[in-house]
Amino acid sequence: MAAHVDHDHERAADGERGHRDVGGDRQADRQNEEEGADGLGDVVSHVVSHHGLPGSSLAARRVAPLAFLSRTARGGKGAAVFERMLTRVRERMPPMPPCRLMPRRAAQAGRAQGAPVRQRSGTLRLRSLYRRRILVGAARIAFQGTASMTDVVRTRFAPSPTGYLHIGGARTALFNYLLARRLGGRFAVRIEDTDQARHVPDAEGRLLDDMLWLGLEWDEGPRVGGPHGPYHQSQRLEHYREHARRLLDEGKAYYAFDTREELEAMRAAAQREKRGFRYPRPARFPSERDAQRARAEGRPVVVRLRMPEQDYVIRDTILGDVSVRAQEMDDFVCIKGDGWPTYHFAVVVDDELMRVTHVLRGQEHLINTANHLALQQCFGYRTPVYAHLPIILNMSGSKMSKRDNDKLVRQAVRTASAAGKLTPAQLAEIAGCDAETAARWLEGDVQLDDAALRAVARRVGVVLPEIQIHDFRVSGYLPEVLLNFIALLGWSAGDDREKYTLDELCAVFSVERIGRTNARFDRDKLLNFNTTALAAAPAERKLAGLRDYLAVNEQSPLRGLGDDVLAKLIEISPTARIFRDIDEKAAALFVPDDRLEYDPDAVDKVLTRGDRAGLKTLAAVRDALARLGDWSAAELERALRAYSESSGQGLGKVAQPIRVAVTGTTVSPPIFDTLALLGRERSLARIDAALRRSGG
RNA sequence: GCCCCCAUCGUCUAGAGGCCUAGGACAUCGGCUUUUCAAGCCGACGACACGGGUUCGAAUCCCGUUGGGGGCGCCA
């Protein structure tokens, strides 16, 4: 039973593509033109179709040289050899009986009964062929063949403006940018602001600023315009309405009036019966008048696509062919109750209208693509080239998201509350919201906005890990380093090289070299990258970077310092990993003397502990310093080294008490520079204050 | 629950059936250096998830198991 033929889903074994009628016609035709009717693509699909049969590895071995030859196969004497080998491969491989797509379990049952069953998606076969690069030649043709042979390559980044740009989004943007640059095409940004409920004011500006900070400039989009605008979906509603109208008129879509509760109940029922949910399509579609009546009654009115009853094959450049069976497809909503389009609908309409040729996006969109193929089919639109990027996970293995930070802080707040250290009223005040919102946040019902979350985190002493691009800017990373690092998440050039500038990436990037496995975001490695880059960067770059860091760190005491001082700070911090290191190390130098805070642990460890040896040293050194004529770093070093030698203690024993006395902590730039920067008066005053405080 | 994708050191990865005793980078550990924090230098540890199959030969091709991830919205 497993292998019986279902005429609707019959697929000829010699490589006929499942989505022929999804705009695949044109695609297949053009490919054939490229390769010749009996070209490599044909052989490959032949092999792919039969790979499950014995002798397949033999076939693969035969195909390898064919692929190699394919470059010379179009004309010249290579063609004859190519043809001969082609024939031999075909003779060895009889066509496989047609079969239909089926779930894994049915396939297993079929195989057990000895039926010829092909693996459901064919992805594995394609993938393995890709891996051996047998297909690379063909893949390149397929990848460019869909559109780029006749059109200029156009990629887009289509973020939803709900906050800052995050790592995954940045990588998507970067890859789209690189592909456009590599193929001499254009890169557009489109704002997908179709969710009125979740509209976050200002989010778009922040997102775009983050992109610019990274150096990702777009050819078309907000702020710069372009020939296919407007580039905000909120300004394109006419297009969507028009398109929906078309589907409605042609009977390819229909009105539906279900409430959320009704839908929820249906889904729950499906779950209970252990089947996937599909919207129950009515036998007769509601009329325009029915829709008006429903509206008058206050019922929600949406437009659903009448999903064509067929399998879809997503031809993905990275993943290979991914099949989605008809029974998995649903009559999804195209137009929401508020009259705005859903993502699926808007994306298909806009990608066509904006002439997008290549779609690179996260793998979380992979299955959605089937919906898009269906819509393209209904409109008669062509299908862009798809490439779904592996997902970036955080180190714990889950998807990276802002929610993690929310959770982290919430947990800390609960602990603090339980210990009586934080009252609900205080929480609300810190977060800058009313008590009710604060309570709801504590329950996990809502998320705090960025500033509020930061404020609360600071209060409960939680150091937030960087998640969004902006976080890395605030921490003091170099944008070019972050970009370099992100590029390596899921992509490699195939050699041992790891350091690239954006221009260099443009030159070597290729979609074929994007991997299929999810990548974890390794902060330690990024830190190392930044450390190395910072050490190697010219002084001007570092100064500009530090300025940028200060621009987004309002509370830093280094703010407002002149370039000469900042340059000096950079000079005396040659081993800083991020700009925050410089900031934290030098901060104490720039707070007023009477506001200097002493770290009790530092005071205890360095000054008072062990019979107050540190204080004694400090007092002795103070007098030596006071006698100095020239308060320069060089002179200070000479004096302190001389003292350390004459007193028979290591320099550390001398430097640390001074350090704690003048900075309040055990960490600062080199002690000589620290003193020089602080100046004679303030240095001595701070030392005196420290001696007084500790009763020295 | 249903569907889909994925699988090489702890992490990112290289790997085109024989060049693999599996390469590089980060992390870790040990040593050196050292005025703090760092940084630097030298060295070590460390992986083909498991079970079948194909093949003279498998990290690589096939099947299965296990594990991980994603989707199942009037979010995108």
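Labels below follow one simple rule: chain letters A, B, ... track the order of the sequence lines, proteins then strands, and each chain is numbered from 1.
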Residue matched to B:U36 through Watson-Crick or wobble contacts both under 3.5 angstrom: none
For B:C72, the Watson-Crick or wobble counterpart (both distances under 3.5 Å): B:G1
Touch class at under 4.0 angstrom, heavy-atom based, for A:L489 against every strand present: sugar-phosphate
Output field: ring centroids A:F521/A:F485 closer than 6.0 Å: yes
B:C37 phosphate, OP1 or OP2, under 4.0 Å from A:T666 side-chain N/O: no
5'-most by nearest nucleotide on RNA chain B - A:P390 or A:A655: A:P390
Nearest-angstrom distance, P atom, B:C29 to B:C20: 31 Å
Interatomic distance at P, B:G57 relative to B:C9, whole Å: 26 Å
d(CZ, A:R156; C1', B:A76) in whole Å: 11 Å
Touch class at under 4.0 angstrom, heavy-atom based, for A:L488 against every strand present: sugar-phosphate
Closest heavy-atom pair and its distance - A:M329, A:Y312: CE-CD1, 3.5 Å
For B:A22, the Watson-Crick or wobble counterpart (both distances under 3.5 Å): none
A:R171 CZ - B:U13 P separation (whole Å): 9 Å
Sugar-phosphate only, base, or nothing, as touched by A:H365 at under 4.0 Å among non-hydrogen atoms: base
A:Y240 and A:F345 aromatic ring geometry - parallel, tilted or perpendicular at 30°/60° bounds: perpendicular
Sugar-phosphate only, base, or nothing, as touched by A:G650 at under 4.0 Å among non-hydrogen atoms: nothing
Option passing side chain to side chain donor-acceptor pair (under 3.5 Å) with A:H388 (candidates A:T317, A:N368, A:T369): A:T369
Return the polar atom pairs (N/O with N/O) between nucleotides 27-30 of chain B and the protein under 3.5 Å, or none.
none

Selection from B:C5, B:U13, B:A76 that lies nearest to any side-chain heavy atom of A:H344: B:A76
Side-chain N,O (A:R260) to OP1/OP2 (B:C75) below 4.0 Å: yes
For atom CD1 of A:I514 and atom C1' of B:C12, their distance in whole Å: 15 Å
Nearest-Å distance once atom P is located in both B:G15 and B:C61: 13 Å
P atoms of B:A38 and B:U28, separation to the nearest Å: 11 Å
No-H, no-angle donor-acceptor pair, A:K274 side chain to B:C2 base, under 3.5 Å: no
B:G23 versus B:G46 - spacing of their C1' atoms, nearest Å: 14 Å
Base B:A76 paired with A:S160 side chain (donor-acceptor, <3.5 Å): no
Rounded interatomic separation in angstrom, taking CD1 from A:I314 and P from B:C6: 12 Å
Distance, C1' atom - from B:C6 to B:A49, rounded to whole angstrom: 13 Å
5' priority, RNA chain B, between A:T575 and A:V301 [closest heavy atom]: A:T575
N or O in side chain of A:R267 less than 4.0 angstrom from B:C74 OP1/OP2: yes
Sugar-phosphate only, base, or nothing, as touched by A:V333 at under 4.0 Å among non-hydrogen atoms: sugar-phosphate
Under-4.0 Å salt bridge between A:R325 and A:E328: yes
Rounded P spacing from B:U60 to B:G17 in Å: 11 Å
For B:C29, the Watson-Crick or wobble counterpart (both distances under 3.5 Å): B:G43
Sugar-phosphate, base or nothing in reach of A:R304, heavy atoms under 4.0 Å: sugar-phosphate
Verdict with reasoning, A:Y343 to A:D195, per side-chain hydrogen bond (donor to acceptor under 3.5 Å, both in side chains): CA-CA 9 Å; A:Y343 163 72; A:D195 190 346; over 6 Å; no
Spacing of the P atoms in B:C2 and B:G18 (rounded, Å): 40 Å
Ring centre gap for A:Y279 and A:F332 strictly below 6.0 Å: no
Touch class at under 4.0 angstrom, heavy-atom based, for A:E498 against every strand present: base
Ring geometry between A:F257 and A:Y255 (parallel below 30°, tilted from 30 to 60°, perpendicular above 60°): parallel
Sugar-phosphate, base or nothing in reach of A:G652, heavy atoms under 4.0 Å: sugar-phosphate
Test log, rule side-chain contact (heavy atoms from CB on, under 4.5 Å), inputs A:T259 and A:E264: CA-CA 9 Å; A:T259 63; A:E264 214 165 283; over 6 Å; no
N or O in side chain of A:K499 less than 4.0 angstrom from B:C26 OP1/OP2: no
Note: A:E645-A:R641 ion pair, threshold 4.0 Å (strictly below): no
Under 3.5 Å donor-acceptor pair, A:R659 side-chain atoms to B:U35 base atoms: yes
Touch class at under 4.0 angstrom, heavy-atom based, for A:R577 against every strand present: sugar-phosphate
Short side-chain N/O contact to B:U36 OP1/OP2 from A:T665, under 4.0 Å: no
Sugar-phosphate only, base, or nothing, as touched by A:F672 at under 4.0 Å among non-hydrogen atoms: base
Nearest-0.5 Å distance that lies between atom CD in A:E498 and atom OG1 in A:T532: 10.0 Å
Phosphate OP1/OP2 of B:A76 contacted by A:R361 side-chain N/O (<4.0 Å): no
Geometric class of the A:H344/A:H372 ring pair [parallel <30°, tilted 30-60°, perpendicular >60°]: tilted
Gap between atoms CZ and C1', on A:R272 and B:C2 respectively (whole Å): 15 Å
A:F521 CZ to B:U13 P, straight-line distance once rounded to whole Å: 12 Å
Touch class at under 4.0 angstrom, heavy-atom based, for A:E192 against every strand present: sugar-phosphate
Watson-Crick/G-U partner (both atom distances under 3.5 Å) of B:C50: B:G64
Sugar-phosphate only, base, or nothing, as touched by A:T517 at under 4.0 Å among non-hydrogen atoms: sugar-phosphate
Sugar-phosphate only, base, or nothing, as touched by A:N368 at under 4.0 Å among non-hydrogen atoms: base
d(CG, A:D330; P, B:C72) in whole Å: 11 Å
d(CZ, A:R513; C1', B:A16) in whole Å: 11 Å
